[in-house]
Structure formats: structure tokens, C-alpha cells
Visitor: 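Below is the structure I would like to discuss, written out as C-alpha cells.
Every value quoted in this text rests on a predicted model; they were computed, and no experiment measured them. In what follows, every chain begins at residue 1, and chains take the letters A, B, ... in the order their sequences are listed.
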Amino acid sequence: MAITYNLKRADFIFRNENDWEKILNRTLQRDKQELINELISSELKGRGGAGFPTGLKWKLANEAVSDEKYVICNADEGEPGTFKDREILTKVPFKVMSAMAICGYIIGAKKGFIYLRGEYKYLQPDLEKIIAEFEYYCKEINFDFTINIFMGSGAYICGEETALFESMEGKRGEPRNKPPFPTNSGYMGKPTVINNVETLAHTYTIFKHGSKKFYDLGVQFSRGTKLFSVSGDTPKPGIYELELGMSLQDFVDEFGDGDTKAVQVGGASGFLVPRKRFGETAIGFKGKLTGISLPTGGSMMLFNSSRSMFNVLDNYLEFFREESCGQCTPCRVGCQQLHIGIKAVKQGAKPASYLDKLLKLTETMQYTAKCGLGQSVANSFSSIVENFREEMIY
Amino acid sequence: MSKKINITINGVVYEVDEGLTILEAAQSAGINIPTLCYHKDLCIAGNCRVCVVEIVGQKRLAASCATPCQENMEILTNTLNVRNSRKHIIELLLSEHNADCTKCYKNGNCELQELAAEYKIMSQDLIGLVPYKDYTIDMFSPSIIKDDSRCIRCQRCVRTCAELQGVNALTVAYKGDKMKIATFFENSMNDVVCTNCGQCVNHCPTGALIEKNYIEEVWEAISDPDKHVVIQTAPAVRVGLGEEMGFEPGERVTGKMVAALKNLGFDSVLDTDFTADLTIMEEGTELLTRLKKALVDKDKNVKLPMTTSCSPGWVKFIEHMFPEYLENVSTCKSPQQMFGALAKTYYAKARKLDPEKIVSVSVMPCTAKKFEASRPEMHDSGYRDVDIVLTTRELAIMIKQAGIDFRKLPDKKFDRLMGESSGAAVIFGATGGVMEAALRTAYELVTGREVPFEDLNIMPVRGMDGVREASVKIEKPLENWAFLDGVELKCAVAHGLVNAKKVMDAVKSKKADYHFIEIMACPGGCLGGGGQPIPTNPEIRAKRTQAIYAEDKNLPIRKSHENPEIIKIYKDFLGEPLGKKSHELLHTTYVGRNRY
Ligand SMILES: Cc1cc2nc3c(=O)[nH]c(=O)nc-3n(C[C@H](O)[C@H](O)[C@H](O)COP(=O)(O)O)c2cc1C
Ligand code: SF4
Ligand code: SF4
Ligand code: SF4
Ligand code: SF4
Ligand code: FES
């Protein structure tokens with residue numbers, strides 16, 4: 001199994017280091033502004049999907065004036081095909097917790113929460129034990145920071161940050177209007193930093209090894225490494241830490257089964273890339289100068305020629321139709337229309353040209369839906385319909 | 001003073017207050033933006049998305065109702081993208097909707113229908129989703145029909161029930177395509193904590209929540225030669241009905257309303273205001289009696305504060321939410337029910353009618369009164385005291401069906417015997433009105449002097465604050481009431497059940513030591529009732545309020561105890577307030593209910 005030249009594996013996140021106490025203690029001695037600058041110069045972007053610059057997020061929360069602030073670790077991990085956060089929380093939870101505490105130190109928060117996906121309930125007892133140990137250490141070094149676990153109940157939408165706050169406040173998990181943004185008004189209306197599990201783990205790496213080490217990995221606009229959850233038609237499914245900026249071709253060469261027809265990058269809310277585009281597609285955040293660049297929460301699903309792209313899309317749309325919170329018109333009704341619509345075309349009840357009407361509909365959804373869920377349905381829909389139109393019709 | 005910022009809308013620069021939403025800024029600039037989930041009475045939801053606009057430099061459109069203006073923001077409200085998106089959203093809503101408008105009660109007064117007309121949705125490309133849904137209609141409540149097939153899920157009802165009423169009978173259930181507005185365990189509205197106040201009906205943009213209408217029943221009664229049909233009209237109806245008839249809000253149409261009712265064929269057109277005056281006599285006496293028992297007899301069992309009981313939405317609310325305080329509620333029936341009980345006794349006797357043949361109809365600003373009339377307690381005349389309750393809106397429909405040119409009607413007067421009223425009765429229609437009317441009478445009863453307020457206007461209890469407090473010190477009372485000398489009568493007024501809850505919480509936690517509390521279930525009191533014309537908003541309610549107080553000012557009699565028909569009924573029929581006959585006919589009991 002040769003590793004191609006371009007695909008660089010890395011080992012930061014899962015490297016098991018038993019020095020978190022030292023790193024935490026050391027970092028808490030440093031100047032807050034200096035730490036923010038360190039983070040900003042690493043150019044770390046959020047690993048939860050949206051890719052917001054983490055340093056800026058912490059800076060904004062630091063600047064927000066409030067008697068109470070919060071740090072939340074988003075461990076809802078609901079994107080289909082994503083299973084890396086679970087691994088981080090199982091293998092290196094201290095890194096995540098240390099990062100939360102450092103964030104708390106920087107922004108002035110004394111309370112942290114881990115919003116744990118409902119299906120990960122079995123992790124809770126172990127995590128509680130580790131939290132107790134962690135809090136004990138914080139006490140020892142006279143640092144006032146607590147962490148509590150909040151259990152999710154299985155709704156995908158509760159991974160969306162503002163729906164997550166609602167859910168934590170005991171309300172129905174519906175996304176809020178933005179602005180205000182969480183750094184000003186998050187959980188309980190207080191300034192809140194919410195980060196993905198992996199993002200937090202990376203900040204730990206940055207505080208430990210310095211921003212340069214992180215920045216030197218990856219490419220422009222997409223610095224550092226990222227965990228990928230590889231699944232589908234691959235001989236080696238699993239979790240891999242890879243440098244950002246790789247080409248999808250290199251990725252397929254490494255992970256494909258020799259018959260890869262398409263790769264879904266970024267889960268159901270991401271894009272499907274057909275074989276003919278592998279070469280021109282880079283995996284990273286938007287802003288890369290050449291070729292297409294796709295962000296991803298880390299889900300990489302490979303499909304070989306035995307797969308029907310109609311079934312794939314059908315499956316995604318069924319997912320969205322059920323997992324939409326249902327509050328806003330474009331998403332609630334749009335998802336139903338798309339789902340029923342592609343079936344109608346397939347069954348001949350609607351002409352093939354109806355697909356173009358549905359594509360227009362996804363545009364409206366992208367423009368007008370209230371949150372990222374409804375806005376991103378267009379991604380998989382248009383990339384699948386445009387690239388595999390025949391499979392949608394016949 | 002808020003900071004001013006500059007924004008541009010469609011190329012024109014405007015200076016606006018910082019913090020204003022784009023929608024508010026556009027409205028004040030005279031630019032119309034369609035809305036559905038937005039309502040002035042409620043918090044911002046931002047879920048229908050029909051109000052989207054373009055902000056230059058942003059890829060996505062913004063919901064104007066939910067987006068604050070920012071310095072130098074460039075807003076476009078009428079681009080191709082904006083129009084197409086709005087149209088698409090309306091089409092989406094219609095695809096999920098049972099849009100057979102001709103069979104819909106809200107046909108002609110529906111915000112979704114208006115938008116469909118405005119955007120000329122002529123064809124429907126999208127697949128109709130109604131066959132995929134198992135929509136249900138709940139018709140079991142005597143007050144409200146909930147038809148899920150006409151719901152656009154704007155959550156205005158949910159916010160109304162929570163924010164204005166603090167009841168939370170309606171909530172959002174399920175997610176995704178199954179998301180719907182539901183009650184506890186999807187029980188009927190009749191079997192849940194709902195107070196029947198109808199505020200959700202008043203705030204629903206479509207035909208998904210409507211009053212249960214009894215128009216046909218009334219037409220049948222009128223056309224039955226064997227029946228004697230009396231109608232009573234509540235004080236708030238006369239300041240709302242005009243809106244349905246093409247008048248501006250705040251127009252008083254009392255005389256025209258009476259004329260229209262006579263034209264419709266009612267045998268006798270009477271006034272609930274008469275029993276409002278009667279309520280003051282009974283309730284005022286009850287309050288003074290309770291005070292005497294508490295202050296003189298030191299009776300520990302007497303319950304204070306006493307609360308009013310004329311708002312059936314409030315009565316059902318306290319039955320559900322504070323059942324341990326039911327003895328604090330005045331035992332007086334609401335004016336509607338006092339009227340009903342007297343119509344088939346006092347009125348029947350005086351007019352030599354067989355009560356069996358009397359159909360007692362009321363027109364109310366209220367949907368809760370439909371429920372109230374159906375309560376088993378309300379049969380003290382030996383019959384169902386009030387047979388049919390119409391809302392202001394239903395009356396308007398009847399007037400239109402009858403082909404009456406309302407604007408041209410001459411003013412007519414109520415019929416006699418239960419048709420005379422005082423200004424004190426009229427102000428029952430506004431929050432604070434019962435309190436003011438009660439104080440006008442009680443103070444005079446106790447001291448022999450008029451209330452010490454200019455022109456009898458007790459300003460501290462008027463206004464629109466959710467909870468208002470006032471106190472009146474009693475000095476130099478008449479001999480009988482000597483025990484009240486120096487007593488400061490502490491009163492509170494609340495409207496909107498969410499405010500009622502605040503007051504009751506204060507009472508419960510002993511933070512307040514009121515003697516008398518007036519509570520109206522609806523915002524603004526009855527004039528903002530759930531049966532009043534749609535739309536409703538703070539400005540409209542303020543205009544109706546002005547009309548109510550103007551009506552009071554114009555009446556020759558301003559105090560309940562000076563109403564000659566009141567004096568007569570006590571002389572001829574009832575004896576004295578709280579007397580035996582009163583107890584039989586005018587007072588009632590309450591039942592505790594559960595909290596869901
Ligand atoms: C529908 C939806 C689901 C989401 N689910 C998750 C999730 O499961 N985990 C996560 O970290 N972020 C999720 N996000 C992104 C969060 O809203 C938020 O951007 C993220 O937690 C911020 O952290 P980051 O900056 O570290 O990425 C979701 C977003 C949307 C729109
Ligand atoms: S886009 Fe979908 S998930 Fe997001 S708020 Fe709207 S209905 Fe809910
Ligand atoms: S609710 Fe409105 S749009 Fe729907 S059927 Fe009734 S009138 Fe027509
Ligand atoms: S019932 Fe009416 S107010 Fe409630 S969500 Fe449906 S349309 Fe909106
Ligand atoms: S009638 Fe009143 S209490 Fe009942 S659901 Fe509507 S708003 Fe709530
Ligand atoms: S009116 Fe703005 S989103 Fe509904």
C-alpha cells in the first residue's frame with residue numbers, strides 16, 4: 001500500500017502524549033492576547049463544517065463584555081459519514097478539555113459544556129470520570145473551570161450551533177436568527193465560543209507546538225491537518241489525519257477500490273464529485289486559487305460503479321426531509337418537494353425537465369433558508385443531478 | 001436617544017435608528033415587504049422567509065424582519081432574485097396547503113391568499129403535497145376549529161399562546177416534513193389547557209385557526225316564527241364592528257349596529273352593558289362584604305384579594321393554573337351569563353313570553369364566551385341561559401349576507417328592559433374598565449361622595465401597561481361602612497393572561513397584598529378580544545380604547561348604580577344585591593382543572 005507523494009499523513013491529534021497537565025499549566029501562564037495572536041497566525045479554521053477562523057472567533061468572544069461566558073464543545077457529530085469526533089473523545093479527551101479550559105481562560109468563561117451526540121451516550125460514564133480528573137487538576141492549579149456534559153437526543157439539526165443552544169436551554173432545537181452571533185449572544189444569551197471537537201484538539205496542538213508547526217502544513221487558505229472519516233466502497237475505511245490541500249485524485253488513488261465512480265465530500269450536506277473531476281478538485285476551504293476547493297467536516301464517502309446515484313440522492317433527501325427542523329418554508333417544504341420530485345421523474349410522472357425546476361428550487365433554498373441545513377441541500381442535489389442526470393431519469 | 005445610522009434602500013439613503021430591522025426601516029420609508037410569520041404583537045420568528053431582501057455584498061438573501069440595519073447597509077427589496085425567491089416560497093407554502101379557498105372560512109381575509117394574489121401564482125408546477133399528509137381538523141372545541149391542512153406553520157399561534165397568554169396550549173411538534181402545530185399529546189383543543197381566548201385565532205394569518213361559527217343556527221332561529229330571538233351586544237363589539245364594515249379602527253357604530261340587528265330580524269335588541277352595570281352592583285357588594293368579613297368579623301375563611309370573573313378566558317385559566325385560588329374569584333357570572341339567566345326569567349316574565357320559546361343570542365368580542373355559554377353551570381334559568389354566542393366577526397358576516405348597507409343605516413336605540421346602560425358599563429370593554437366602574441360605584445356607596453377623580457375618570461387604572469396598580473384611600477365613610485375608614489383599597493389590573501400569571505404569582509408568593517384584582521384574558525381587554533376583527537395590533541387596540549372612553553364620556557349616566565333599569569330590576573325582581581334571587585341567577589361556581 002504505497003502512500004503517494006502528495007497525500008501526506010500526519011499524526012498530531014491522536015499522538016498520545018501524557019503531558020497535558022504541563023501544557024495546560026504552561027499555556028495558562030501566557031498572555032491572553034498573545035495566545036489569540038498565536039491562534040490567528042496558525043490560520044486554523046473550524047473543523048465542524050463552516051470553516052470559520054477559530055482565532056477570530058475567540059478574539060470576538062474575548063472582546064464581548066459580559067459577566068458570564070461559556071465554552072461549548074460541539075460533539076453532536078451528526079453529519080452522515082462522520083465519525084472522527086467520537087474517536088478524539090475516546091482517545092485523547094484531555095486535549096479537548098485542556099483546549100476548552102484555555103479558551104475559557106482567554107475569553108473569561110468559567111463554564112464549559114460538551115454537547116454529546118445522543119447515540120454516544122455510552123461514552124458518557126468514561127467522559128464523566130475523565131472530567132472529574134480534569135477538574136481536580138484545575139482545582140489543584142487554582143484555575144476555576146468546570147465542564148459538564150449535555151446529552152443530545154438524536155436530532156441532526158441540534159449540531160447547528162444556535163439550535164444546540166436552544167436545545168441546551170431546554171427548548172425545541174430550532175436554529176435562531178443570526179445576527180446576533182454566538183460570540184455575542186450564545187447559550188443563555190451570553191457570549192459563547194462553540195467549537196467542533198476536532199477544532200479544539202487542533203488548538204491544543206497549536207498551543208503546544210506553536211502556530212508555525214501547524215501553519216507549515218497544508219496550503220494557502222487551508223492550513224494544517226484534518227481528520228477524515230473514510231467510508232463507502234473502500235478497502236480501508238477508517239479515520240485518517242491528512243494534510244489539507246490534497247487533490248481528490250490522490251485521495252482516491254490511496255483509498256479507492258480501483259472502481260471509484262464518485263466521492264461525496266462533506267457528507268450529505270457536501271458535494272458529490274464525479275470521476276472526471278477528481279484531478280481538478282482539491283480538499284480544503286474555499287479561497288484556493290486554482291481548481292475547485294471543497295470544505296468538509298471530514299466525511300469522505302466513496303462510491304464505485306455498482307452504486308446508483310439516484311439511490312444515493314434519494315437517501316440524502318430522505319435524511320434532510322426528516323432532519324430539517326421544519327421551521328422555515330424553503331427547507332421544510334423544499335426538501336419534501338425535492339424528494340418526491342426526483343421520484344416522480346424516475347417514475348415518469350414528471351418529465352425530465354422537471355429536474356431543472358428542482359435545481360431552481362435548490363437555488364431558492366440556498367438563498368433563503370434560515371440555516372446551514374436548508375442552505376446546503378443544494379450542494380449534494382445539484383452536484384448529483386448535474387453529473388448523473390441520466391441516472392436520475394432512467 | 002438611539003443612535004442614527006445611514007442605510008440605502010433601493011438606491012435612496014435613509015437615516016434610521018440603530019437597532020431597527022430592515023423590515024421596520026422599509027415600512028417607515030413606505031416600502032412594502034410581504035410578511036407572514038411577522039406580527040407586531042409577537043417576538044420575531046424569521047421562519048416563513050417570505051420577507052427576504054437582498055443586501056449588497058451578501059450572497060444569501062436576508063429575512064428583513066429578523067435582520068437589523070447596519071451602518072451603510074445597501075438593501076434592495078425588488079430585484080429579480082428577491083421576487084423569484086418570494087414567489088417560490090409562496091408556491092412552496094401553497095403546495096403543502098389545502099388551498100381550496102372557496103371552501104375556506106378565511107376566504108377574503110387571509111394573508112396567504114393575499115400574497116398569492118399579489119404575486120399572481122397562476123399555476124402550480126410543484127407537486128401537491130396534501131395527499132402525502134394526514135392532516136386533521138379538530139372541531140371538538142365549542143370555541144375554536146383547528147384545521148391543520150390550512151396551516152403554514154408560521155408559529156404565530158404558538159408565540160401568541162406563550163408570549164401573550166402564558167398558556168402554552170399550542171406548541172410545535174415533530175420535525176422535518178412532519179413538523180406541525182399541536183396540543184399536548186395532540187388532544188383536542190377542548191381537552192387541553194386552552195382557555196378558548198381566541199388570541200391564536202386573532203393572530204393566525206390563515207384559516208388554520210378559526211372560531212367555531214354559529215351563523216346558520218342564528219339564521220334558523222330568526223326565521224322560526226315560534227321563536228322569540230333576543231340578542232345582547234357586548235360593549236367592545238360596537239367599537240370593533242365598524243372595521244369589518246369599512247370604517248377606520250376607532251369608529252363607534254353603536255347606533256348602526258342596533259339598526260342592523262333590528263334589520264336582521266332579532267325580536268329584541270338589548271345590551272350586555274345592562275348586565276355589566278348589574279355585575280358592578282353584585283361584584284361591588286361582594287367585595288365590600290368580603291372586606292367587612294375580613295376586617296370586622298376577622299373571618300379567616302374569607303378570601304382576598306378578590307378577582308373579577310367577567311372574562312371567561314381568565315376563569316378557565318385560573319381553573320387550570322391556580323385552582324387553589326378559585327375561592328378568590330368573584331362568584332358573579334359574566335355579564336353575558338347574567339343576561340342569559342335574566343332573559344329567560346325576568347325578561348320572559350315582564351314580556352309575558354314562554355322562556356322555552358326564547359332563543360338567547362349574544363354577540364361578543366370573544367371566543368371564550370362560546371365555551372362559557374356551554375358550561376353545565378350556566379343553566380340557572382331552567383334552560384341553557386345563553387343559547388348561541390356570535391363573535392363580532394360572525395355578526396359582520398351576517399350583516400353582509402343580509403345585504404345591508406351598513407354605512408347608510410340610521411342610528412337606532414336599544415330596546416327597553418335590559419337595554420339601558422351607563423358609561424361605567426361601556427368601559428367594561430377596555431382593560432381597567434371593570435375596576436374603574438366598580439370604584440365609581442363602591443366608593444360612592446361607602447362614602448356617599450363621588451370618586452375623587454376629575455370627571456370620574458380614574459386615570460391610574462387606564463392605559464396599556466400589562467399590570468397596573470392603584471390604591472384608593474377611603475376617608476369619612478358613611479356610618480354603615482365606618483370600618484373602612486382610612487383603609488387603603490389596593491387594586492391591580494392585568495390584561496393578557498401572561499400578565500395575569502404575573503399578578504397571581506405575586507399573590508401566591510405573598511409579594512402583593514391587593515384587595516381587588518381585575519383581570520381580562522385578552523390584550524387591551526375585550527376590545528382586543530379573540531372574536532374581534534382581524535387584524536389586531538397595538539395601534540388598532542389603542543384606537544378602539546379611545547372609542548370606548550369617548551362612548552363613556554358621552555353617556556348621560558356614568559355610574560352603574562344610577563342606571564334606572566338597574567334600580568328597577570332590584571325593585572321589581574331581584575330585591576337586593578347578593579340577595580336570594582341574585583344568588584340563584586347571577587352567581588356561579590368554578591371547577592379545578594389540570595395543568596395540561
Ligand atoms: C445542520 C447542521 C449541523 C451541524 N452539525 C454539526 C456537528 O454535528 N458538529 C459540529 O461540530 N458542527 C456542526 N455544525 C456546525 C456548527 O453550526 C458550528 O459551525 C460549529 O460547531 C462551529 O465549530 P467550528 O468553528 O469549530 O467548526 C452543523 C451545522 C449545521 C448547519
Ligand atoms: S433551514 Fe431547515 S433546519 Fe434550518 S432553520 Fe430552516 S427548516 Fe430548520
Ligand atoms: S387559508 Fe387562505 S389560502 Fe388557505 S384556503 Fe383559506 S383562504 Fe385560501
Ligand atoms: S395555525 Fe395559524 S398561526 Fe398557527 S402556525 Fe398555523 S398558520 Fe400560523
Ligand atoms: S385560544 Fe388562547 S389559550 Fe387557547 S390555544 Fe389559542 S391562544 Fe392559547
Ligand atoms: S416575515 Fe420575515 S421570515 Fe417571516
Visitor: Determine the minimum heavy-atom distance between A:V333 and B:E96, stating which atoms define it.
Guide: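 The answer is CG2-OE1, 3.3 Å.
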
Visitor: Is it the case that the side chain of A:T329 and the backbone of B:C48 share a donor-acceptor pair, with hydrogens and angles ignored and the cut-off at 3.5 Å?
Guide: yes

Visitor: I need the residue from B:Q58, B:K178, B:Q155 with the largest number of non-hydrogen atom pairs under 4.5 Å to chain A.
Guide: B:Q155

Visitor: Given a strict heavy-atom distance threshold of 4.5 Å, which part of B:K180 is in contact with chain A: side chain, backbone, both, or neither?
Guide: neither

Visitor: To the nearest 0.5 Å, how far apart are NZ in B:K87 and OG1 in A:T364?
Guide: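 It is 11.5 Å, given to the nearest 0.5 Å.
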
Visitor: Restricting to non-hydrogen atoms, name the atom on A:G341 and the atom on B:I127 that form the minimum distance, rounded to 0.1 Å.
Guide: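 That would be CA-CD1, 3.9 Å.
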
Visitor: When rounded to the nearest 0.5 angstrom, what is the spacing between CG in A:N177 and CG in B:N47?
Guide: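 Here the rounded value is 8.5 Å.
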
Visitor: Heavy-atom distances under 4.5 Å only: say whether A:R172 touches chain B with side chain, backbone, both or neither.
Guide: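 Contact with chain B is through the side chain of A:R172 alone.
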
Visitor: If I compare all heavy atoms of A:T368 with all of B:S85, which pair ends up nearest, and what's the gap?
Guide: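 Nearest pair, atom of A:T368 first, then B:S85: CG2-CB, 3.7 Å.
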
Visitor: Relative to chain B, which segment of A:A369 carries a heavy atom at a distance below 4.5 Å: side chain, backbone, both, or neither?
Guide: backbone

Visitor: Given a strict heavy-atom distance threshold of 4.5 Å, which part of A:C335 is in contact with chain B: side chain, backbone, both, or neither?
Guide: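 The answer is neither part of A:C335.
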
Visitor: With rounding to the nearest 0.5 angstrom, report the CE to CD distance, B:M179 to A:E174.
Guide: 5.5 Å

Visitor: Taking B:V52, B:N81, B:N84 one by one, which has the highest count of heavy-atom pairs under 4.5 Å against chain A?
Guide: B:N81

Visitor: If you count heavy-atom pairs under 4.5 Å between each of A:R321, A:Q366, A:M365, A:K178 and chain B, which one has the most?
Guide: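 Looking at each option in turn, the highest pair count goes to A:R321.
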
Visitor: With only heavy atoms counted, which part of A:L373 is less than 4.5 Å from chain B, the side chain, the backbone, both or neither?
Guide: neither

Visitor: Quick check: closest heavy atoms across B:Y132 and A:I340, and the distance to 0.1 Å?
Guide: OH-CG2, 3.5 Å

Visitor: Report which part of B:A62 has an atom under 4.5 Å of a heavy atom belonging to chain A: side chain, backbone, both, or neither.
Guide: neither

Visitor: Decide whether B:K133 and A:Q336 meet the rule of one side-chain donor and one side-chain acceptor closer than 3.5 Å.
Guide: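 A:Q336 and B:K133 do have a side-chain donor-acceptor pair below 3.5 Å.
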
Visitor: To the nearest 0.5 Å, how far apart are CG in B:D177 and CZ in A:F320?
Guide: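 Answer rounded to 0.5 Å: 14.0 Å.
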
Visitor: Pick whichever of B:L93, B:L61, B:L92 has the most heavy-atom pairs under 4.5 Å with chain A.
Guide: B:L92

Visitor: How many angstroms lie between OH in A:Y367 and CZ in B:R49, if you round to the nearest 0.5 Å?
Guide: 15.0 Å

Visitor: So which residue, A:R332, A:H339, A:Q327, ends up with the most heavy-atom pairs under 4.5 Å with chain B?
Guide: A:R332

Visitor: Please report the interatomic distance NZ(A:K360) to NE2(B:H88), rounded to the nearest 0.5 Å.
Guide: 9.0 Å

Visitor: Run the salt-bridge test on A:E323 and B:K175 with the 4.0 Å N-O cut-off and return the result as yes or no.
Guide: yes

Visitor: For B:I152, is it the side chain, the backbone, both or neither that has a heavy atom under 4.5 Å from a heavy atom of chain A?
Guide: backbone

Visitor: I'd like to verify something: which residue of B:S95, B:C154, B:A63 has the highest number of heavy-atom pairs under 4.5 Å with chain A?
Guide: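 Heavy-atom pairs under 4.5 Å are most numerous for B:S95.
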
